[in-house]
Visitor: 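So that we are looking at the same thing, I have put the structure below in structure tokens.
Order of listing sets the numbers, starting from 1, for every ligand and every atom in it.
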Amino acid sequence: MVREVKKAVRIPIAVKIAPTFTAFAHFAGQLDAAGADGLVLFTRFHRVDLDVVELEVLRTVEVSTHADLSLRLRGLAALTGRIKASLAAAGGVQTALDVVKATMAGAHVTQLVSALERNGARHLGIVKRDLETWMAEYEWSSLEEMRGNMGLSRVPDPAAYERAHFRMAHR
Ligand SMILES: Cc1cc2nc3c(=O)[nH]c(=O)nc-3n(C[C@H](O)[C@H](O)[C@H](O)COP(=O)(O)O)c2cc1C
């Protein structure tokens, strides 16, 4: 589909993907090879619940929390430096520190929706100001400088990103 769309249009295309592929990084590589200009990590599914009295399926879109960021950090860290497409973090970004984390994991872009729904559009200005303050305090001159520096292939303990660590965390 990406190959066909790329043939048909001249604008850059970004593909928003789900976190549920078995070989997610391999699939992302295939999208990259097919010409996707950007990958957005990750789509959020509607939550499904059951009303067991009325026998109805209930679909809701809930605003995200900070906890949703973790899956994005892991996905970004796996891809950064390995594909040509730009990477966007979408899901769980609430604060300037979340922007720093997403960027260090490899994001070129961070998207906020829930945080703006919760706090209003003025929150964007607060995130920007806090980001500038944080970067000055820790002597980062640009987002480019920190982008991907916490990627899977660049951290001293890449296994910390791996699933195996889940077992270790529960020992
Ligand atoms: C009420 C609501 C409606 C949304 N509708 C869409 C949509 O139609 N298409 C889409 O790709 N993403 C949709 N999203 C997801 C956002 O584009 C975005 O990826 C996600 O909300 C970013 O995460 P955040 O809410 O944690 O900032 C929606 C999100 C919310 C909260």
Visitor: Do Leu71 and Leu73 have side chains that approach each other closer than 4.5 Å (heavy atoms only, starting at C-beta)?
Guide: no
Visitor: Just so I know, are the side chains of Leu76 and Thr80 near enough to count as touching, which here means a heavy-atom distance under 4.5 Å?
Guide: no
Visitor: Could any protein non-hydrogen atom be found less than 4.0 Å from atom 5 (N) of ligand 1?
Guide: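 No, there is none.
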Visitor: When you measure from atom 11 (O) of ligand 1 to every protein heavy atom, which one gives the shortest distance, and what is it?
Guide: Lys16 NZ, 2.9 Å
Visitor: Report yes if Val113 has an N/O atom closer than 3.5 Å to an N/O atom of ligand 1; otherwise report no.
Guide: yes
Visitor: When you measure from atom 30 (C) of ligand 1 to every protein heavy atom, which one gives the shortest distance, and what is it?
Guide: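 Its nearest protein heavy-atom neighbour is Val61 CG1, 3.8 Å.
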Visitor: Give a yes or no on whether atom 16 (C) of ligand 1 lies under 4.0 Å from any heavy atom of the protein.
Guide: yes
Visitor: Are any non-hydrogen side-chain atoms of Thr60 and Asp49 less than 4.5 angstrom apart?
Guide: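 They are not in side-chain contact.
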Visitor: Identify whether the distance between the nearest side-chain nitrogen and carboxylate oxygen of Glu132 and Arg129 falls below 4.0 Å.
Guide: no
Visitor: Looking at Ser64, which atoms of ligand 1 are within less than 4.0 Å of one of its heavy atoms?
Guide: 24 (P), 25 (O), 26 (O)
Visitor: What atoms of ligand 1 come within less than 4.0 Å of a heavy atom belonging to Leu112?
Guide: 27 (O)
Visitor: Of all the non-hydrogen atoms in the protein, which one sits nearest to atom 22 (C) of ligand 1, and at what distance?
Guide: Gly91 N, 3.6 Å
Visitor: Can you tell if the side chain of Phe24 reaches within under 4.5 Å of the side chain of Ile17, non-hydrogen atoms only?
Guide: yes
Visitor: Could you say whether the N/O atoms of Ser114 and ligand 1 ever approach to under 3.5 Å?
Guide: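 Yes, Ser114 has an N/O under 3.5 Å of an N/O on ligand 1.
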Visitor: If we only count N/O pairs under 3.5 Å, is Gly92 in contact with ligand 1?
Guide: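 Looking only at distances, the answer is yes, because the N/O contact criterion of under 3.5 Å is met.
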Visitor: List in chain and number order the residues that pass side-chain hydrogen bond (donor to acceptor under 3.5 Å, both in side chains) with Glu62, two or more places apart in sequence or in another chain; answer none if no residue qualifies.
Guide: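 side-chain hydrogen bond (donor to acceptor under 3.5 Å, both in side chains) list for Glu62, sorted by chain: Arg47.
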Visitor: Which heavy atom in Ser114 sits nearest to a heavy atom in Ser64, and how many Å separate them?
Guide: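 Scanning both residues, the minimum pair turns out to be OG-N, 2.8 Å.
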Visitor: Does some non-hydrogen atom of the protein lie less than 4.0 angstrom from atom 24 (P) of ligand 1?
Guide: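 Looking at atom 24 (P) of ligand 1, one finds that a protein heavy atom does lie closer than 4.0 Å.
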Visitor: Which residues pass the side-chain hydrogen bond (donor to acceptor under 3.5 Å, both in side chains) test with Lys6, not counting sequence neighbours?
Guide: Asp37
